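Inspection log for the structure reproduced underneath, given as structure tokens.
Chain naming here is simple, since letters A, B, ... match the order of the sequence lines and numbering starts at 1 in each. What you see is a predicted model; the values in this text were computed from it and never measured.
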Amino acid sequence: MRWSNYFLPTLKENPKDAEVVSHSLMLRSGMIKKAASGIYSILPLGWRSMKKLMNIVREELDRIGAVELIMPAIQPAELWMESGRWFKYGKELLRIKDRHERDFCFGPTHEEVITDILRDYIQSYKDLPVNLYQIQTKFRDEVRPRFGLIRQREFFMKDGYSFHSSEECLDRTYQDYYNAYRKIFERCRLEYTVVEADTGTIGGYQSHEFMVLAETGEDAIFFCPSCSYGANAEKAVSKLKEFIFDEKEKALEKVHTPQVHTVEEVSSFLGVPEEKIIKTMIYETEKAFYAVLIRGDRSINETKLKNFLDVQFLNLASEEKIERVTGGPMGFSGPLGLKGIEIFADHSIKNIKNAVVGANEKDYHYVNVNMGRDFNPSGWGDFQMVQRGDLCVNCNTPLQEYRGIEVGHIFKLGTKYSEPMKCLYIDEKGQKKPVIMGCYGLGIGRTLASAIEQSHDEKGIIWPLPLSPFSFIILSLNPEDKGVRELSDKIYQEMVQKGEEVFYDDREERAGVKFKDAELIGIPYQIIIGSKKAKENKVEIGIRKTGEKITMEVSEYYEKLKNIAL
RNA sequence: CGGGACGUAGCGCAGCCUGGUAGCGUACCUGAAUGGGGUUCAGGUGGUCGCGAGUUCAAAUCUCGCCGUCCCGACCA
């Protein structure tokens with residue numbers, strides 16, 4: 001491909017609305033162009049990289065026996081009503097009406113459509129398993145699209161779905177995808193980790209996230225360096241530092257605590273450590289209000305709480321509602337004397353003796369509160385957010401915290417969709433059963449952006465060879481010099497004939513411009529052809545990653561290049 | 001959904017406070033020189049100042065509304 005014949009608008013300056021490096025470099029290297037917030041055109045150079053990644057994905061999925069198909073982006077509302085997600089999915093689901101005022105949505109994911117396909121064709125256990133995938137445009141109306149291709153509203157996703165007649169069979173396919181994903185990310189030369197994850201709106205009962213490690217990552221993950229336990233912040237569990245309170249229970253006492261609201265304030269006002277304070281959080285859900293107790297130095301993990309309470313909506317109650325429910329203002333809630341509201345406690349408060357709690361009354365707290373004697377929660381659970389330094393539940397090693405970009409997510413769905421949508425099969429005994437499903441997502445654009453986040457320098461992108469839009473770039477430094485032009489043309493022709501993916505900068509630009517652009521777009525290997533060296537029948541090979549330049553005879557460039565590029 | 005900021009040439013910005021019909025850099029076009037790291041000089045093209053109302057003799061500038069874009073937050077009792 002000749003640059004003069006290509007469409008590659010590079011930018012010298014940093015676009016002002018690009019905040020993260022992958023976004024900025026993709027814009028500058030002419031890979032993408034924004035159409036609207038979170039919505040991008042993929043320009044030729046970007047599309048080449050994207051196709052590279054898609055093909056890696058295809059190869060690895062084909063290898064595990066998954067079969068590619070393509071489903072519609074526009075999906076009828078009826079299917080979403082059947083699964084129950086038309087109402088549950090929320091505002092992220094882009095709903096549209098056709099000319100007959102019929103409801104549709106632009107698919108954020110395809111569980112409904114694929115289940116609808118399968119239920120009509122699956123009859124017997126003999127038809128199972130089925131393992132299908134597609135690479136297709138998704139739309140999620142994100143509240144806050146950001147970071148270029150990392151959080152888009154319209155994006156390419158590889159989504160796979162598998163159907164089984166037994167758990168064991170699902171387990172095998174799940175493992176196949178797990179391994180295939182590992183291979184994909186390894187082939188992309190990404191530094192990543194796999195963590196246990198919450199299943200969110202997709203549902204199901206087991207899931208793993210593939211996280212590319214990056215400081216700009218939106219998700220926090222915890223990882224045990226010793227036993228390699230890993231989980232994202234929503235799912236992570238840990239052992240807390242235990243505090244032993246071997247004191248006697250003292251008499252309950254109400255104390256005046258004017259203007260003392262937060263744990264921090266209570267701690268310093270009363271001179272008690274935060275570990276002896278029990279925080280009482282009032283949550284509002286679609287079912288009821290709940291009081292949730294947790295140790296003063298810990299934070300509530302709302303995802304865990306949501307799962308525990310089995311609710312769709314969960315929000316901290318507003319000031320007025322707290323007053324209505326507890327009788328006291330915000331900042332003074334406590335478990336004592338609460339009426340008409342269930343109290344759930346996190347395990348972290350179990351051993352606290354002579355604790356401090358709010359008195360549900362302005363400017364008052366109780367001290368020397370003891371669980372069992374003074375109050376009893378109606379249930380116990382793990383509601384806490386893991387914090388740095390907490391210990392691994394398996395091996396007691398302090399957990400490490402990283403930031404990551406979620407590039408892949410696999411789920412065991414079970415019968416969450418097959419049951420309501422009646423995707424049934426007949427088993428060996430002639431009984432009708434819902435199909436057992438798994439689903440497997442991989443973000444294409446996001447993976448590409450992650451690769452740039454992990455591999456760049458101040459000059460531009462440094463593509464790992466498997467994702468690079470081209471493997472080689474010929475820099476013809478003085479194309480008006482006949483010798484240079486002829487040699488450049490010759491080398492270009494040769495490489496094309498050998499089937500190499502080579503980009504030829506034949507533009508009438510100065511050398512500096514070509515070097516800068518080549519570095520910006522990050523092609524791993526440069527073939528540099530200039531007047532002086534060309535006269536001596538020599539060329540240079542430049543390596544983007546190291547900046548190294550190696551001079552050699554024209555006759556040996558190809559062999560050497562192939563050796564280096566291995 | 002809340003808070004903040006921005007919107008002026010393809011891109012990056014100034015001008016706005018203190019109203020008088022637009023400027024810088026870069027890119028682009030022409031010419032010349034240069035020719036291995038965004039070169040230099042000369043000349044030139046390009047903007048209904050996001051949109052709409054209002055105030056005014058006069059609005060990029062002041063006022064109001066809308067639209068768009070980006071950032072931060074989503075939370076600790």
Side-chain angles (χ1 to χ4, degrees), chain A residues 9-20 23-24 27-28 30 33-39 90-91 142-148 151 218 233 257 260-267 274 277-284 291-303 305 314-319 321-323 325-326 328-335 346 356-362 365 383-385 387 459-460 475-481 484 505 507-520 526 528-534 538-540 542 547 549 551:
Chain A
T10 56
L11 299 175
K12 210 191 250 185
E13 281 175 284
N14 238 355
K16 65 171 169 183
D17 43 359
E19 207 57 31
V20 299
H23 187 197
S24 161
L27 287 166
R28 284 187 56 203
K33 166 95 169 84
K34 184 169 73 188
S37 178
I39 301 176
K91 287 191 173 170
E142 298 279 352
V143 222
R144 180 126 121 86
R146 58 180 149 178
F147 302 157
R151 184 164 293 276
E218 294 183 286
T257 52
V260 175
H261 305 85
T262 65
V263 166
E264 219 177 6
E265 288 163 0
V266 172
S267 170
E274 293 190 357
I277 298 167
I278 295 174
K279 274 200 288 200
T280 305
M281 317 283 289
I282 308 300
Y283 277 95
E284 182 180 8
V292 181
L293 311 181
I294 192 162
R295 208 169 75 191
D297 61 326
R298 308 296 302 189
S299 300
I300 291 209
N301 179 330
E302 294 188 354
T303 304
L305 185 59
L314 179 89
N315 261 321
L316 282 169
S318 64
E319 246 172 281
K321 284 174 179 166
I322 289 173
E323 253 193 279
V325 172
T326 68
M330 185 192 278
F332 298 96
S333 301
D346 181 78
V356 178
V357 303
N360 298 318
E361 186 181 334
K362 186 170 162 51
H365 279 79
F383 310 134
Q384 59 179 311
M385 200 66 117
Q387 292 171 11
K459 293 171 180 168
L475 303 185
S476 184
L477 295 188
N478 330 83
E480 69 299 322
D481 175 329
V484 169
D505 190 350
R507 295 175 302 168
E508 294 194 13
E509 289 285 355
R510 296 176 61 86
V513 175
K514 295 193 175 184
F515 280 122
K516 294 284 186 205
D517 271 339
E519 280 153 358
L520 175 63
Q526 305 152 353
I528 304 160
I529 302 166
S531 300
K532 218 164 163 188
K533 296 233 163 69
K538 283 181 174 151
V539 295
E540 266 175 308
K549 291 198 174 111
T551 304

Please determine whether the number of non-hydrogen atoms from other residues, nucleotides or ligands lying under 6.0 Å from atom CD of A/Glu480 exceeds 12.
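Buried by this count: over 12 neighbours within 6.0 Å.
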
Checking all strands, does [X] fall into the base, sugar-phosphate, or nothing category for heavy-atom contacts under 4.0 angstrom?
{"X": "A/Lys279", "value": "base"}
{"X": "A/Thr262", "value": "sugar-phosphate"}
{"X": "A/Val263", "value": "sugar-phosphate"}
{"X": "A/Leu475", "value": "nothing"}
{"X": "A/Ala18", "value": "nothing"}

Tell me the partner of [N], counting only Watson-Crick (N1-N3 plus N6-O4 or O6-N4) or G-U wobble (N1-O2 and O6-N3) with both under 3.5 Å; none if nothing fits.
{"N": "B/A32", "answer": "B/U40"}
{"N": "B/C1", "answer": "B/G73"}
{"N": "B/A14", "answer": "none"}
{"N": "B/G47", "answer": "none"}

Only counting residues at least two apart or in another chain, list the ones meeting salt bridge (Lys or Arg N to Asp or Glu O under 4.0 Å) with [X].
{"X": "A/Glu284", "result": "A/Lys321"}
{"X": "A/Asp481", "result": "none"}
{"X": "A/Arg510", "result": "none"}

Check side chain to side chain donor-acceptor pair (under 3.5 Å) between [X] and all other residues, then give those that pass, not counting sequence neighbours.
{"X": "A/Ser24", "answer": "A/Asn14"}
{"X": "A/Glu540", "answer": "none"}
{"X": "A/Glu274", "answer": "none"}

Ring pair (Phe, Tyr, Trp, His ring centres under 6.0 Å) with A/Phe147: which residues, sequence neighbours excluded?
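None.
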
Nearest-angstrom distance from the residue atom [atom1] of [X] to [atom2] of [N]:
{"X": "A/Glu19", "N": "B/C6", "atom1": "CD", "atom2": "C1'", "answer": "13 Å"}
{"X": "A/Glu13", "N": "B/A9", "atom1": "CD", "atom2": "C1'", "answer": "14 Å"}
{"X": "A/Asp17", "N": "B/C72", "atom1": "CG", "atom2": "P", "answer": "13 Å"}
{"X": "A/Asn315", "N": "B/A77", "atom1": "CG", "atom2": "P", "answer": "17 Å"}
{"X": "A/Leu316", "N": "B/G73", "atom1": "CG", "atom2": "P", "answer": "17 Å"}
{"X": "A/Arg295", "N": "B/A77", "atom1": "CZ", "atom2": "P", "answer": "16 Å"}

Can you pull every protein N or O that's under 3.5 Å from an N or O on nucleotides 1-4 of chain B?
none

Write down the distance separating the P atoms in B/A60 and B/U55, rounded off to the nearest Å.
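So the two P atoms sit 16 Å from each other.
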
Rounding to the closest angstrom, what is the interatomic distance between B/U21 and B/G25 at atom C1'?
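Nearest-Å result for B/U21 against B/G25 at atom C1': 24 Å.
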
For nucleotides 35-41 of chain B, 5' to 3', base contacts (B), sugar-phosphate-only contacts (S) and non-contacts (-) with protein non-hydrogen atoms under 4.0 Å give BBBBB--

Could you tell me if the side chain of A/Glu509 sits less than 4.5 Å from the side chain of A/Asp517, heavy atoms only?
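No - every pair of side-chain heavy atoms lies 4.5 Å or more apart.
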
